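Report on the following structure.
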Amino acid sequence: MAQSSPLDAYIAGLPKAELHLHIEGSLEPELMFELAQRNNVAIPYDSVQAVRAAYDFSNLQDFLDIYYAGAAVLLTRQDFEYLAFAYFQRAAADNVRHAEIFFDPQTHTDRGVPFGVVVEGLIAGIDRAKAELGVSSGLILSFLRHLTEDEAFATLEAAKPYLHHFIGVGLDSSEVGHPPSKFQRVFAAARDLGLKLCAHAGEEGPPAYVHEALDLLHIDRIDHGNRSMEDESLIARLAAEQMTLTVCPLSNLKLCVVKDLKDHPVPEMLRRGLHVTLNSDDPSYFGGYVNENYSQLAQAVGLTREQVTQLAKNSFEGSFLSTEEKATLISEVESYAAKG
Ligand code: ADE
Ligand code: ZN
């Protein structure tokens, strides 16, 4: 990014949580290349530069095609541990104190990688992050919405031996044509297992998908939610319920959800009283980890220090931490802001 400002320095030191991060989307081209060679997996690039050059997307599907192809280099427990720990190192450098991260088991089990290999590797990375970096985290099992409800049920079944490792379930991949209603029963089953519920909604899909996520899936948190801004009654409802939205500015820019960061809806969302958080989504593909999302958005739309502080508080408030843990972390934000 351009020159670093006093607000960038403030953002850098601000304690924050990340609530919308796909661990497969943190696979940096260098690691993709290294694993492709080590695991003897063919990828359609002959250099790290060629991988980066391919990251030019017109929409969500363009990105997903490359993202699923990239994930093919992940095979062993150690690969998943390494991937997760590499993300936590970046997150710790951004003063992320807590991260709730998605993983897409079907992307791996459909290639023959056992569910347990994926989960055990990620958990090893999570445990190391807590011990070595002081970053706490939770794992969210995300269903691929372009696949069937039966396949989602099979994934939930495969997850049962590992249930204590998960804080929730999510719904991601190609949104348009795959409404939340398709997964109503599997989300009810996940809720019965004691899991929290999140769903990507209103990224490319219409406001009706956000309504469905609320009314049919009974979600605890909305991922993205941008297109909610097209529906006045939905805005009022989200504000009244203080539903957390995990918004991802650089993702929105790279996937052409917004034409320019200057057009990003976050200022309007805040003005309308929505409970917004900022997150990086797939940082290796979209050009920045969480601080970069705060800084670039702040610069583009002119966020104030108070708004930035509110966004960080919202990130802890909107997490699935306990009330006590949230209060401790929010008071750290307040002390930082008071010194600021
Ligand atoms: N999977 C990874 N990133 C995603 C996004 N932004 N939307 C939908 N599915 C995804
Ligand atoms: Zn996402």
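Start at 1 and go down the list; that is how both ligands and their atoms are numbered. These figures come from a predicted structure and were not determined experimentally.
Using cut-offs of 30° and 60° on the angle between ring planes, the pair Phe286 and Phe57 is perpendicular. Relative ring orientation between Tyr68 and His146 is described as tilted, the plane-to-plane angle lying within the 30° to 60° band. Between Phe143 and Phe183, the ring planes lie parallel to each other; the angle is under 30°, not in the 30° to 60° tilted range.
Side chain of Gln242 to main chain of Gly273: a donor-acceptor pair is present (N/O by atom type, distance under 3.5 Å, no hydrogens or angles). The backbone N or O of Leu197 lies less than 3.5 Å from a partner atom in the side chain of Asp220, making a donor-acceptor pair.
At the shortest separation from atom 9 (N) of ligand 1 among protein heavy atoms lies Ser173 N, 2.8 Å. For atom 1 (N) of ligand 1, the nearest non-hydrogen atom of the protein is His22 CE1, 3.6 Å.
Metal site remark for the Zn ion (ligand 2): Cys248 contributes no N, O or S atom at a distance under 2.8 Å.
Taking a cut-off of under 4.0 Å to the non-hydrogen atoms of Asp281, the atoms of ligand 1 that pass are 3 (N), 5 (C), 6 (N).
Atom 7 (N) of ligand 1 has its nearest heavy-atom neighbour, among Glu203, His224, Lys254, in Glu203.
Ion pairing of Glu317 with Lys313 is absent here, as no side-chain N (NZ or NE/NH1/NH2) approaches a carboxylate O to less than 4.0 Å.
For Leu60, every heavy-atom contact with ligand 1 shorter than 4.0 Å involves the side chain, none the backbone.
Between Asp282 and ligand 1, at least one N/O pair is under 3.5 Å apart.
With a 6.0 Å cutoff to the six-membered ring centre and a 45° limit on the axis angle, Lys16 counts as a cation-pi contact of Tyr294.
In terms of distance to the Zn ion (ligand 2), the nearest N, O or S atom of Asp281 is named OD1.
Geometry note: the Zn ion (ligand 2) is the vertex, His20 NE2 and His200 NE2 are the arms, and the angle is 90° (rounded to 10 degrees).
Not a single heavy atom of Asp223 sits less than 4.0 Å from an atom of ligand 1. At a 4.0 Å cut-off, at least one heavy atom of Phe63 sits close enough to ligand 1 to count as contact.
Looking at Ser284 and Tyr55, their side chains never bring a donor and an acceptor atom within 3.5 Å of each other.
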